[in-house]
Amino acid sequence: MARGERSEEAWAWYTAVYEAVQEIPHGRVTSYGHIAKLVGKPECPRQVGVCLKHLPSASSDPSKKSATWHSGNVPWQRVINARGGISPRQRGPSGASRQAAALRAEGVEVEQGAMGEFTVDFGKYGWFPDVLPSEARLVESSGDEDEEAAYHT
DNA sequence: CTTATGACCGGAA
DNA sequence: TTTCCGGCCATAA
């Protein structure tokens with residue numbers, strides 16, 4: 001592929017990830033892997049983390065909204081790992097604790113293990129739709145030959 | 001230029 | 001149960 005194609009592809013990837021993250025309801029959480037699956041790249045959960053790492057901080061100055069995506073409009077804190085835990089950043093624990101605090105602020109119970117690791121109960125707060133709500137709307141109007149799968153808790 | 005390593009995951013051993 | 005491995009690709013050294 002052409003070199004110029006790379007950046008364009010990357011932009012699409014970042015956009016898809018950020019939009020998917022924005023669909024996570026308030027007070028719920030999901031995993032990197034699930035976001036990756038929702039955007040069509042189930043084998044790239046790692047790159048989801050890369051996107052969030054690159055997510056700029058929200059500008060406290062409203063007149064200076066340079067970036068479309070930032071921590072003010074993308075609920076990055078609702079994305080945790082598949083084990084239901086907040087992975088400790090390499091850069092120090094402040095990031096993880098900040099994420100835990102952000103989740104608690106919206107009503108999510110975050111427990112802390114003996115090792116200082118933060119965990120969330122997916123049984124209570126997990127959000128794992130088969131497809132994005134925006135896409136699910138399209139499925140609704142399609143043929144209903146597909147039998148509704150039994151869904152139990 | 002080449003390696004190594006991540007805000008990761010699922011399956012195999 | 002645990003550990004290991006391949007895959008993805010942006011960055012750092």
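Quick caveat: nothing in here was measured; it's all calculated off a predicted structure. Each chain gets a letter, A, B and so on, in the order the sequences are listed, and its residues count up from 1.
- Atoms CD (A:Glu117) and P (B:dA7) sit 13 Å apart, rounded to a whole Å.
- Residues passing the side-chain contact (heavy atoms from CB on, under 4.5 Å) test with A:Cys44, sequence neighbours excluded: A:Trp13, A:Lys41, A:Gln47.
- With sequence neighbours excluded, no residue forms a salt bridge (Lys or Arg N to Asp or Glu O under 4.0 Å) with A:Glu43.
- Note on residues 18-27 of chain A: pairs passing side-chain hydrogen bond (donor to acceptor under 3.5 Å, both in side chains), not counting sequence neighbours, are A:Glu23-A:Ser134.
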At a cut-off of 3.5 Å, list every protein nitrogen or oxygen paired with a nitrogen or oxygen from nucleotides 8-13 of chain B, distance to 0.1 Å.
unit_1 : atom_1 : unit_2  : atom_2 : d
B:dC8  : OP1    : A:Ser87 : OG     : 2.3
B:dC8  : N4     : A:Arg46 : NH1    : 2.7
B:dC9  : OP1    : A:Ala82 : N      : 2.4
B:dC9  : OP2    : A:Ala82 : N      : 3.1

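- Rounded to whole Å, the distance from OH on A:Tyr14 to C1' on B:dA7 is 12 Å.
- Of the inter-residue distances, the one linking A:Trp127 atom CH2 with A:Ile24 atom CD1 reads 6.0 Å to the nearest 0.5 angstrom.
- If you take atom C1' in B:dA7 and the same atom in C:dT3, they sit 22 Å apart, rounded to whole Å.
- Here B:dA7 presents its P atom at 12 Å from CD of A:Gln47, a figure rounded to the nearest Å.
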Result block: side-chain N/O donor-acceptor pairs under 3.5 angstrom for residues 113-123 of chain A, not counting sequence neighbours:
unit_1   : atom_1 : unit_2   : atom_2 : d
A:Asp121 : OD1    : A:Gly123 : N      : 2.9

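- Taking atom CD1 of residue A:Ile86 and atom P of nucleotide B:dA7, one finds them 14 Å apart after rounding to whole Å.
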Listing, residues 31-39 of chain A side-chain donor-acceptor contacts under 3.5 Å, not counting sequence neighbours, or none:
unit_1  : atom_1 : unit_2   : atom_2 : d
A:Ser31 : OG     : A:His34  : N      : 3.1
A:His34 : NE2    : A:Pro129 : O      : 2.7

